[in-house]
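Report on the following structure.
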Amino acid sequence: MLRLHDTATGVVRPLELRDPGHASMYVCGLTVNDLPHIGHGRMALVFDVIRRYLVFSGLDVHHVSNVTDIDDRIIDRAVSEGRTEPEVAAEFEGAWWEAIDALGILRPDEAPHATAYVEGMVALVTDLVARGVAYQTSTGVYLDVEKIDGYGLLARQSLDSLRSGARVEVDPEKRSPLDFALWKTAKPGEPTWDSPFGPGRPGWHTECVVMSLDLLGDGFDLHGGAVDLIFPHHENERAQAVAEGRAFARHWVHNGWVMTGTEKMSKSLANFVTIAQLLEGTDSRAYRLLALRSQYRSQMQVTPETIADATSALDRLDRLAERFSVRPQPTLATVAISSDAGDAPDLVAAEVETFRAHMDDDLDTPGALAGIFDAAGRANALGDAGDTDAARALAETVGVLSAVLGIALGGRDSVVMDEETAGLVTERDAARASREWGRADDLRDALVERGFVVEDGPNGTTLRR
RNA sequence: GGCGGCGUGGCCGAGUGGUUUAGGCAGGGGCCUGCAAAGCCCCGUACGGCGGUUCGAUUCCGCCCGCCGCCUCCA
């Protein structure tokens, strides 16, 4: 069974499911106010792999990830660009799904929009006020953090230390600087919804509580996002659920930052690369490989060097797949496929077991990948030694396990040759057949000049890249 | 000020109290090849510094140095 680090308890522990055989996960999605960058990509990749691995482990997975389509920055952008908020949100939500698809990430089963859940949020806020844990001021409705048992659990800090470190501006109407907005009173020109507290819009932390509980039910299994969401976002979601007396996420999972050099990638530092920019010159699978080569909780280095490194590594797996004609794997590899042992059941079983052991250990994808690369090397060695059946079985396994990580091997387009290039290849084969080495080498140079890697095999000259 | 993480061989990046190595990329040597490419084999003997615990620490403890993050919107 998968063991994962749980932010609430601070330890790695088994993902104990609410309903055996069924896993429910809620991943905090994006606020669609700008283009998605590779940090967002890492986050989505991490949870995509968790999902794929759970499916591989034989579970039914219900994956929900929200879209926050109303917030301050969307409003700011709409105002400054003379557009409506829905127009802005639609544009960047489109960019988000494009990026998700381009990265080979499975779309969630459901992607609720905040604006579609305002009614539920109003009901929640109304109830929190009725319970006496929330209060209204001139600017909105706030949750009284002092009334929440265990506030600071996820931040792993006491209320006192949180309070002393608070950097928010003092709002004299708020009982504590930590109290957060459940409902924001409308300012002129802003999109508004009606409520018992007057026209306004919901605060950010409320949507996820309402949507996750509505779609996944009380006590759903896993709630995730990047580390920056731990506090205040997830802390505040939890606070609302606690105040309502409802069982919330059983397990909290957070992934680490993308770094460029020593800096965190962020918009304020203007050092971010959008996913679309990355994919202009990089195989999306190489970025996935790069991301999975770091443990999901640690910071990950993304530089031109690490991208090139991952690209070379991926190339090695692709060549293995091509050498042994590894079959394309289904989008979601399942347990049944893993037991397809081919002609070397022991070899395959050992690989799958190693893979599982790593993955179960807090999603140790670096270890799992080490096993995959090791198996790739052994498959090639077996092939060189003439044990084709065993080599093929191992190569197939590499293909399946890579697919569980979302890396589809063997899917590269075969090299498309124009007529002239094809002619050079034919000429070269003829030259080699008649042992005219000088001419063969000249023809190879000509092909290399055209950007191809030339390989001579039993069936003559083949080209790559 | 409070809380937390990290410092591993040229680079990325795992891991562990001591018998034999993560893995990848780059580099060197070899096999294979007409020569290459690809593939395979071998290699460099790494764990920030100073103390401590221990028969023995990269792995545990303390201190120091350096880096990063959260405490405000943020994936």
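Chain letters run A, B, ... following the sequence lines, proteins first and then strands; every chain starts at 1. This structure is a prediction, so every number in the text was calculated from the model and none was measured.
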Calculate, to the nearest 0.5 Å, the distance between atoms CG and CG belonging to A:Leu143 and A:Leu178 respectively.
11.0 Å
Pairing residues for A:Arg201 by the salt bridge (Lys or Arg N to Asp or Glu O under 4.0 Å) criterion, not counting sequence neighbours
A:Asp72, A:Glu190
Suppose you measure atom C1' in B:U33 against the same atom in B:G17; what distance do you get, rounded to whole Å?
48 Å
With a non-hydrogen cut-off below 4.0 angstrom, is A:Leu320 in contact with a base, only sugar-phosphate, or nothing?
nothing
Between B:C31 and B:A37, how far apart are the two P atoms, rounded to whole Å?
14 Å
Counting heavy atoms from C-beta on, name the nucleotide in B:G34, B:G23, B:A75 closest to the side chain of A:Trp437.
B:G34
Would you mind reading off the distance between A:Asp374 atom CG and B:A22 atom P, rounded to a whole angstrom?
12 Å
Using the P atoms only, state how far B:C47 lies from B:A57, rounded to an integer number of Å.
14 Å
Give one of base, sugar-phosphate or nothing for A:Val258, where a contact means two heavy atoms less than 4.0 Å apart.
base
Determine the contact category for A:Thr303: base if any of its heavy atoms lies under 4.0 Å from a base atom, sugar-phosphate if only primed atoms, P, OP1 or OP2 are that close, otherwise nothing.
nothing
Considering residues at least two apart in sequence or located in another chain, which fulfil the side-chain contact (heavy atoms from CB on, under 4.5 Å) criterion with A:Thr421?
A:Met417, A:Asp418, A:Leu447, A:Arg450, A:Phe452, A:Leu463
Closer to the 5' end of RNA chain B via nearest nucleotide, is it A:Pro366 or A:Ala308?
A:Pro366
Donor-acceptor contact present, side-chain A:Asp48 to main-chain A:Leu106, <3.5 Å:
yes
Going by salt bridge (Lys or Arg N to Asp or Glu O under 4.0 Å), name the residues that satisfy it together with A:Arg156, two or more places apart in sequence or in a different chain.
none
Say you pick atom C1' in B:U54 and the same atom in B:C70; how far apart are they, in whole Å?
37 Å
Ignoring hydrogens and geometry, is there a side-chain-to-backbone donor-acceptor pair from A:Asp362 to A:His5 under 3.5 Å?
yes
Please state how far atom CG in A:Asp361 lies from atom P in B:A14, giving the value in whole angstrom units.
13 Å
Side-chain donor or acceptor of A:Gln301 paired with backbone N/O of A:Thr306 under 3.5 Å:
no
How far apart are the C-alpha atoms of A:Asp34 and A:Arg73, what are their side-chain angles, what is the distance that settles it, and do they pass the salt bridge (Lys or Arg N to Asp or Glu O under 4.0 Å) test?
CA-CA 9 Å; A:Asp34 206 342; A:Arg73 288 163 301 163; over 6 Å; no
Expressed as a whole number of Å, how far does the P atom of B:G10 sit from that of B:U20?
24 Å
When rounded to the nearest Å, what value does the distance between P atoms of B:G5 and B:U45 take?
34 Å
Nearest-angstrom distance from the residue atom CG of A:Asp228 to P of B:C68
18 Å
How many Å lie between CG on A:Leu314 and P on B:A26, as a whole number?
13 Å
Spacing of A:Asn66 atom CG relative to B:A75 atom C1', expressed in whole Å
12 Å
Sugar-phosphate, base or nothing in reach of A:Ser294, heavy atoms under 4.0 Å:
sugar-phosphate
What distance, rounded to whole Å, do you find between the two P atoms, one in B:G52 and one in B:A46?
23 Å
For A:Asp160 and A:Arg163: C-alpha separation, side-chain torsions, deciding distance, then whether salt bridge (Lys or Arg N to Asp or Glu O under 4.0 Å) applies.
CA-CA 5 Å; A:Asp160 278 347; A:Arg163 199 186 292 112; 2.7 Å; yes
The criterion is side-chain hydrogen bond (donor to acceptor under 3.5 Å, both in side chains); which residues satisfy it with A:Arg378, sequence neighbours excluded?
A:Glu351, A:Asp374
Heavy atoms under 4.0 Å, any strand shown: does A:His254 hit a base, just sugar-phosphate, or nothing?
nothing
Compare every heavy atom of A:Ala286 with every heavy atom of A:Thr311, then report the nearest pair and how far apart it is.
OG1-CB, 3.7 Å
Quickly work out the A:Gln157 CD to B:C70 C1' distance and round it to whole Å.
8 Å
Rounded distance in Å - CG (A:Leu229) to C1' (B:C73):
11 Å
The answer to which of A:Asn255 and A:Leu290 contacts RNA chain B further toward the 5' end, by nearest nucleotide, is A:Leu290
Is the side chain of A:Arg428 donor-acceptor paired with the backbone N or O of A:Ala440 at a distance under 3.5 Å, no angle test?
yes
Check every strand shown and say whether A:Pro232 touches a base, only sugar-phosphate, or nothing at a heavy-atom separation below 4.0 Å.
sugar-phosphate
Taking 4.0 Å as the cut-off, does a side-chain nitrogen or oxygen of A:Thr365 come that near to OP1 or OP2 on B:A14?
no
From C-beta outward on A:Gln295, which listed nucleotide comes closest to its side chain: B:A75, B:C25, B:A14?
B:A14
Is any N or O donor-acceptor pair between the side chain of A:Asp309 and the base of B:G24 shorter than 3.5 Å?
yes
Using atom P of each nucleotide, how far apart are B:C3 and B:C64 to the nearest Å?
15 Å
Proximity to the side chain of A:Ser312 - top-ranked nucleotide from B:A26, B:A75, B:C12:
B:A26
Heavy-atom protein contacts under 4.0 Å, nucleotides 35-47 of chain B, coded B base, S sugar-phosphate only, - none
BBBSSS-------
Under a cut-off of 3.5 Å for both distances of each Watson-Crick or G-U pair, what dot-bracket string does RNA chain B give, using [ ] for crossing pairs and | for inter-strand pairs?
(((((((..(((.....[....))).(((((.......)))))....(((((..]....))))))))))))....
Output the rounded distance in Å from NE2 (A:His358) to C1' (B:G13).
14 Å
